[in-house]
**Q** 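Here's a structure for you.
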Amino acid sequence: RKRVKGVVISGGSPTSHMAIIARALDIPVLGRVTDLLTNVEDGDRLLLDGQNAQLFVRPGEEVRGAFKASMKLLQRKRESFAQLRDLPSVTRDGVEISLKLNAGLLIDMQHLESGGADGVGLYRTEIPFMARSAFPGVEEQTEIYSKVLDQAGDKPVVFRTLDVGGDKALPYLHADTDDNPAMGWRAIRIGLDRPAMLRQQLRALVRSAKGRALHVMFPMISEVAEFDAARRLLDSELAREAKQNGKSPVDLRVGAMLEVPALLWQLENLLPRLDFLSIGSNDLLQFLFASDRGNPRMSDRYDSLSPPVLSLLASVIETCGRHDIPLTLCGEMAGRPVEALALIGLGFRSLSMAPPALGPVKSMIRSATLAEVTEYVSPLKNLSDHSVRTKLRAFAVDHGISI
């Protein structure tokens with residue numbers, strides 16, 4: 001992070017895994033610059049404006065001066081966000097919204113304090129696996145997870161089990177190439193087909209949490225039977241550890257990620273088995289719209305702020321509410337103030353996001369009156385518009401909400 005100031009690529013999409021990790025490190029990314037390699041030469045000076053999707057090649061003094069002025073304004077805005085760190089994430093009419101952190105590296109954990117997050121809503125365990133040339137053993141994994149819990153202190157950490165495949169390949173996991181990788185052999189499917197891998201990870205998680213709370217989340221669950229199979233492996237490791245070492249987590253909570261639309265019609269059967277549910281909006285929306293999020297031609301084809309998305313999310317909120325199951329959204333939607341405005345209006349009370357998004361989203365929440373937001377957002381899910389983004393922006397401006 002000290003060396004890389006920005007990333008510009010000729011392909012990609014805003015929700016690709018590379019872009020997500022870069023944002024987590026607060027590194028600006030610009031993708032789909034189709035003529036990049038024909039216009040940029042080695043040694044060229046570049047100015048990258050990730051917020052406005054602009055790249056300046058060999059800029060003159062006037063452009064560089066304007067850019068420096070913009071950077072100073074951005075820095076002042078970040079300083080104002082930093083002042084919110086110790087203030088509660090509560091709307092003007094007194095409704096508390098829990099803001100959590102998406103993490104995947106130990107260096108991310110420092111943002112729990114600096115950003116004022118309530119905990120880690122999504123810890124991507126696959127990143128250490130991707131950075132190694134061989135599958136890390138139980139001891140090595142246990143050391144990593146123990147450090148994460150040490151740094152979190154008394155704040156909860158939700159560990160997502162290994163989510164690889166698709167655009168997240170392990171160099172040592174030899175697999176046939178899928179025609180549609182995002183919908184292929186990945187995540188919990190690999191874990192259940194290679195149970196030794198999943199059991200080793202679960203064993204390490206259980207050992208790391210001895211005497212502490214442990215939150216485990218299984219990704220890419222598409223049917224209740226998959227969750228049951230994964231839960232059996234976890235229970236087996238819990239029993240094994242208790243028998244061998246006599247130590248277990250003091251508080252175990254097990255959840256699933258809602259990413260596959262088929263699970264929407266199984267929630268009534270699934271929720272009684274869960275302690276919590278998290279929505280992974282990135283994958284859920286690409287499957288919902290049959291729109292590959294890694295395809296540049298499709299990246300703007302649908303909008304996350306479209307009526308069918310709002311309707312779907314409202315339905316999940318209602319179902320989880322009836323079963324009294326805590327619900328969090330931990331996809332990219334949660335970290336963008338306009339989308340987060342719609343989410344809290346629908347009824348979300350827990351959002352998990354990349355570290356740089358904590359300040360802007362908290363600023364939005366503290367400037368909003370939830371009763372007004374809810375009254376405005378609720379009817380939007382019944383519209384036939386391609387997107388209600390413009391309407392939400394106008395509402396925010398009219399009501400003095402920081403977006």
Side-chain angles (χ1 to χ4, degrees), residues 88-91 94-103 112 116-125 148-149 152-161 163 188 205 209 212-221 224 226-228 230-231 234 249-260 263-264 266-284 309-310 312-335 339-340 342-354 357-358 361-362 365 370 374 377:
S89 176
V90 61
T91 63
V95 180
E96 185 175 355
I97 310 295
S98 178
L99 300 184
K100 299 181 176 67
L101 187 70
N102 291 344
L112 272 178
D118 296 327
V120 177
L122 168 64
Y123 194 90
R124 299 182 174 96
T125 60
V148 172
L149 292 172
D154 59 355
K155 294 184 177 181
V157 178
V158 176
F159 290 99
R160 182 179 69 184
T161 60
D163 185 4
I188 198 62
L205 286 167
R212 297 187 279 196
L214 177 63
H215 298 68
V216 177
M217 179 166 62
F218 297 114
M220 198 74 178
I221 296 293
V224 175
E226 285 183 335
F227 177 82
D228 287 345
R231 179 61 196 255
L234 174 57
V250 295
D251 179 27
L252 175 67
R253 300 190 184 184
V254 185
M257 287 198 77
L258 174 55
E259 300 166 281
V260 181
L263 204 58
L264 292 166
Q266 303 172 71
L267 289 180
E268 296 291 347
N269 289 327
L270 177 68
L271 293 180
R273 294 164 156 84
L274 299 178
D275 296 305
F276 64 90
L277 182 71
S278 292
I279 294 179
S281 59
N282 301 344
D283 271 331
L284 179 60
V309 174
L310 301 185
L312 181 156
L313 296 176
S315 174
V316 176
I317 292 169
E318 189 274 332
T319 306
C320 287
R322 281 192 286 105
H323 288 267
D324 197 26
I325 295 296
L327 175 66
T328 297
L329 191 140
C330 55
E332 292 298 292
M333 282 184 73
E339 278 92 331
L343 294 174
I344 65 172
L346 289 172
F348 281 96
R349 297 296 178 261
S350 177
L351 303 173
S352 191
M353 62 204 67
L358 289 167
V361 172
K362 181 182 281 192
I365 289 169
L370 187 60
T374 301
V377 168

**Q** Taking atom CZ as the centre, does Arg212 end up with more than 12 heavy-atom neighbours from other residues, nucleotides or ligands that are less than 6.0 angstrom away?
**A** yes

**Q** Which atom pair, heavy atoms only, marks the closest approach of Val158 to Gly121?
**A** CB-O, 3.4 Å

**Q** Do Val260 and Met220 touch side chain to side chain, with heavy atoms closer than 4.5 Å?
**A** yes

**Q** With a 3.5 Å distance limit and no angle check, can you tell me whether Glu259 reaches the backbone of Gly280 through a side-chain donor-acceptor pair?
**A** no

**Q** Of all the heavy-atom pairs spanning Arg231 and Arg273, show the shortest one and how long it is.
**A** NH1-O, 4.4 Å

**Q** When rounded to the nearest 0.5 angstrom, what distance separates CG in Leu270 from CD in Glu226?
**A** 11.0 Å

**Q** Taking side chain as C-beta onward, heavy atoms only, is Met333 less than 4.5 Å from Leu313?
**A** yes

**Q** Among Ser350, Ser278, Ser352, exactly one meets side chain to side chain donor-acceptor pair (under 3.5 Å) together with Lys100. Which residue is that?
**A** Ser350

**Q** Which heavy atom in Ala152 sits nearest to a heavy atom in Leu112, and how many Å separate them?
**A** CA-CD1, 3.7 Å

**Q** Heavy atoms only: give me the nearest Ser281-Leu329 pair and the separation to one decimal.
**A** OG-CD2, 3.9 Å

**Q** If we only count heavy atoms from C-beta on, is the Glu96 to Pro88 side-chain gap below 4.5 Å?
**A** no

**Q** Grab the two heavy atoms, one from Leu149 and one from Ala213, that are nearest each other, plus how far apart they are.
**A** CD2-O, 4.4 Å

**Q** Could you give the distance from CG (Leu351) to CD1 (Ile344), rounded to the nearest 0.5 Å?
**A** 8.0 Å

**Q** What pairs with Phe159 under ring-ring contact (aromatic ring centres under 6.0 Å, His included), at least two apart in sequence or on another chain?
**A** Tyr123, Tyr145

**Q** Going by heavy atoms in the side chains, are Leu277 and Leu267 under 4.5 Å from each other?
**A** yes

**Q** Would you mind telling me which of Leu122, Asn102, Val216 makes a side-chain contact (heavy atoms from CB on, under 4.5 Å) with Arg160?
**A** Leu122

**Q** Can you name the closest pair of heavy atoms from Ile97 and Phe348 and give their distance?
**A** CD1-O, 3.9 Å

**Q** So Leu358 and Met353, do their side chains get closer than 4.5 Å, heavy atoms only?
**A** yes

**Q** Just verifying a value: how many Å separate Leu346 CG and Leu310 CG, rounded to the nearest 0.5 Å?
**A** 5.5 Å

**Q** In chain order, what residues pass the salt bridge (Lys or Arg N to Asp or Glu O under 4.0 Å) check against Arg349, with sequence neighbours excluded?
**A** none

**Q** What class does the angle between the rings of His215 and Phe276 fall in, given that below 30° is parallel, 30 to 60° is tilted and above 60° is perpendicular?
**A** tilted

**Q** If only atom types and distance count, is the side chain of Asp163 paired as donor or acceptor with the main-chain N or O of Arg124 below 3.5 Å?
**A** no

**Q** With a 4.5 Å limit on heavy-atom distance, are the side chains of Lys155 and Val120 in contact?
**A** no

**Q** Ile365 versus Lys362: any side-chain heavy-atom pair under 4.5 Å?
**A** no

**Q** Measure the spacing between CG of Asp275 and CD1 of Ile325 and express it to the nearest 0.5 Å.
**A** 7.0 Å

**Q** To the nearest 0.5 Å, how far apart are OG1 in Thr319 and CG in Leu258?
**A** 10.0 Å

**Q** Quick one: pull up CG in Leu205 and CG in Leu234 and give me the separation to the nearest 0.5 Å.
**A** 8.5 Å

